[in-house]
Colleague: 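Take a look at this one; I'll ask things after.
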Number of protein chains: 2
Amino acid sequence: MATRPRKTPSKPQAFPHPHHDHSRCTANALRTAETVCEKHGARLTEIRRRVLEAVWASHAPIGAYDILAELNTDGGKIAPMAVYRALDFLMEHGLVHRLASLNAFIGCALASERHTAHFLICRSCKSATEMDGTAVTRAVKKTLSEHGFVPENEIIEIQGLCAHCHKESA
Amino acid sequence: MATRPRKTPSKPQAFPHPHHDHSRCTANALRTAETVCEKHGARLTEIRRRVLEAVWASHAPIGAYDILAELNTDGGKIAPMAVYRALDFLMEHGLVHRLASLNAFIGCALASERHTAHFLICRSCKSATEMDGTAVTRAVKKTLSEHGFVPENEIIEIQGLCAHCHKESA
DNA sequence: ATGATTAATGTTATAACGTAACATAAATAA
DNA sequence: TTATTTATGTTACGTTATAACATTAATCAT
Ligand SMILES: [Zn+2]
Ligand SMILES: [Zn+2]
Ligand SMILES: [Zn+2]
Ligand SMILES: [Zn+2]
């Protein structure tokens, strides 16, 4: 029996393996950011790039003030406003998402295609990743049609244990 | 043809009509709170009751500091801690939910039966209500099984326009 | 190029949300 | 009553986010 084909090949949403080569993730993200900004006629300035790099330091969502600390490790004097402004910019262009349940930010691996993000958040390794939200969105739409509610934005953040951490805890 | 039966008769989740008799909602909620606390062997003290009343002042989620202001309208000196402690208590007993996307709290109309809450939030009238989350939960489970992710808590908050506000804006 | 205009960043202060730690008081149990 | 637990009071602080205005850098028009 052949392996079952993936349902959504355009979204390779595997939870990041604890020992993967993360430098490639970061490199990819920065390259994508360049492309996206170019396409949007937006400027990826130094501070914006540095914030994006801080966000991509891992797959764990990071708080604005932790980003700030990272930017100021060299003794710099960057203020919170600068970070929040950069984050706003990055979110506008779909390069970063905000996780409401954590007051934290995470890089978007699918920045080229616009989408509403649905997250899985592992309470053990703290990693978060976007899930394929099509089925959920469909279920939401169906449920809402009975209410007459017109959705504009879906905030979906599932907390739990990723496969790697679940295995370990077994 | 007879009217189609409701799928989830135990959860009458209509979005609150702008001109409904809200005093009944409040009265119901307080009565339920009494019952629940009795059943749990917990004490619905005065401050807890007052916080619950503040939460039920409307169907719009309310911030902790707005609750605090409400409690201190008489010139009282209640401190933030007291409010947060009362909210923690009320959440433990399923009488109140927290909306992560708003940093705000809302009374639970279904406090008697334990459940994970999925919310619809109207950006116009600011009301929020729990939706029937069974279909969404099913979709989430199905999607997650492909990831091997083990869910423990679902944060689902759909922002948009309720039927009443949508009609008006038409 | 020069000046006008817009975009981005710097700077200071403060708002908004939430918790730690320890003291006191009230309720319950022994 | 005395001990124990539960709840509240109090002070202080930590964390997250934004308002308002000044300055600098990039872009555009002449
Ligand atoms: Zn990676
Ligand atoms: Zn994990
Ligand atoms: Zn009501
Ligand atoms: Zn509405």
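Within every chain, numbering begins at 1; the chains are lettered A, B, ... in the order of the sequence lines, protein sequences first and strands thereafter.
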Colleague: Donor-acceptor pairs under 3.5 angstrom involving side-chain atoms of residues 42-56 of chain A: please list them, not counting sequence neighbours.
Modeller:
from   : atom 1 : to     : atom 2 : distance (Å)
R48(A) : NH1    : R43(A) : O      : 2.7
R49(A) : NH2    : E34(A) : OE2    : 2.4
R50(A) : NH2    : L71(A) : O      : 3.0

Colleague: Without decimals, in angstroms, what is the distance between E92(A) CD and dA7(C) P?
Modeller: 12 Å
Colleague: Rounded to whole angstrom units, what separation is found between the CG atom of N103(A) and the C1' atom of dT19(C)?
Modeller: 14 Å
Colleague: In chain order, what residues pass the ring pair (Phe, Tyr, Trp, His ring centres under 6.0 Å) check against H118(B), with sequence neighbours excluded?
Modeller: none
Colleague: Can you measure H93(A) atom NE2 to dA7(C) atom C1' for me and round it to whole angstrom units?
Modeller: 12 Å
Colleague: Would you mind reading off the distance between L68(A) atom CG and dT11(C) atom P, rounded to a whole angstrom?
Modeller: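 Value for this atom pair: 13 Å.
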Colleague: Holding to ring pair (Phe, Tyr, Trp, His ring centres under 6.0 Å), I want the full list of residues that pass it with H40(A), two or more places apart in sequence or in another chain.
Modeller: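 Scan of H40(A) (ring pair (Phe, Tyr, Trp, His ring centres under 6.0 Å), adjacent residues dropped) gives H93(A).
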Colleague: Report the distance from atom OH of Y84(A) to atom C1' of dT14(C), rounded to the nearest whole Å.
Modeller: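 It works out to 14 Å between those atoms.
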Colleague: To the nearest Å, give me how far apart CG (L87(B)) and P (dG18(C)) are.
Modeller: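 Taking CG of L87(B) and P of dG18(C), I get 9 Å after rounding.
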Colleague: If we fit an axis to the first five pairs and another to the last five of the helix from dA1(C)-dT30(D) to dA30(C)-dT1(D), what angle do they make, to the nearest 10°?
Modeller: 20°
Colleague: When Ile, Leu, Val, Met, Phe, Trp and Tyr are grouped by side-chain heavy atoms lying under 4.5 Å apart, directly or through other members, which residues fall in the same group as I155(B)?
Modeller: none
Colleague: If I take atom CG in residue L102(B) and atom P in nucleotide dA17(D), what distance separates them, rounded to the nearest angstrom?
Modeller: 14 Å
Colleague: Under 6.0 Å between ring centres: does that hold for H22(A) and H20(A)?
Modeller: yes
Colleague: Between I62(A) (CD1) and dT15(D) (P), how many Å, whole number?
Modeller: 14 Å
Colleague: With salt bridge (charged side-chain N to carboxylate O under 4.0 Å, His left out) as the rule and sequence neighbours excluded, what pairs involving residues 151-170 of chain B come up?
Modeller: R123(A)-E152(B)
Colleague: Reading nucleotides 5-13 of chain D from the 5' end, what letters show protein touch, with B for base, S for backbone sugar-phosphate only, - for no heavy atom under 4.0 Å?
Modeller: --SBBBB--
Colleague: Is F119(B) isolated, or which residues cluster with it under the ILVMFWY side-chain rule of less than 4.5 Å, directly or via members?
Modeller: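 Its cluster mates, by chain and number, are L99(B), L102(B), I106(B), I121(B).
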Colleague: State yes or no: are the ring centers of H97(A) and H115(A) separated by less than 6.0 Å?
Modeller: yes
Colleague: Taking only residues two or more places apart in sequence or in another chain, which ones pass ring pair (Phe, Tyr, Trp, His ring centres under 6.0 Å) with F149(B)?
Modeller: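 Expected list: F15(A).
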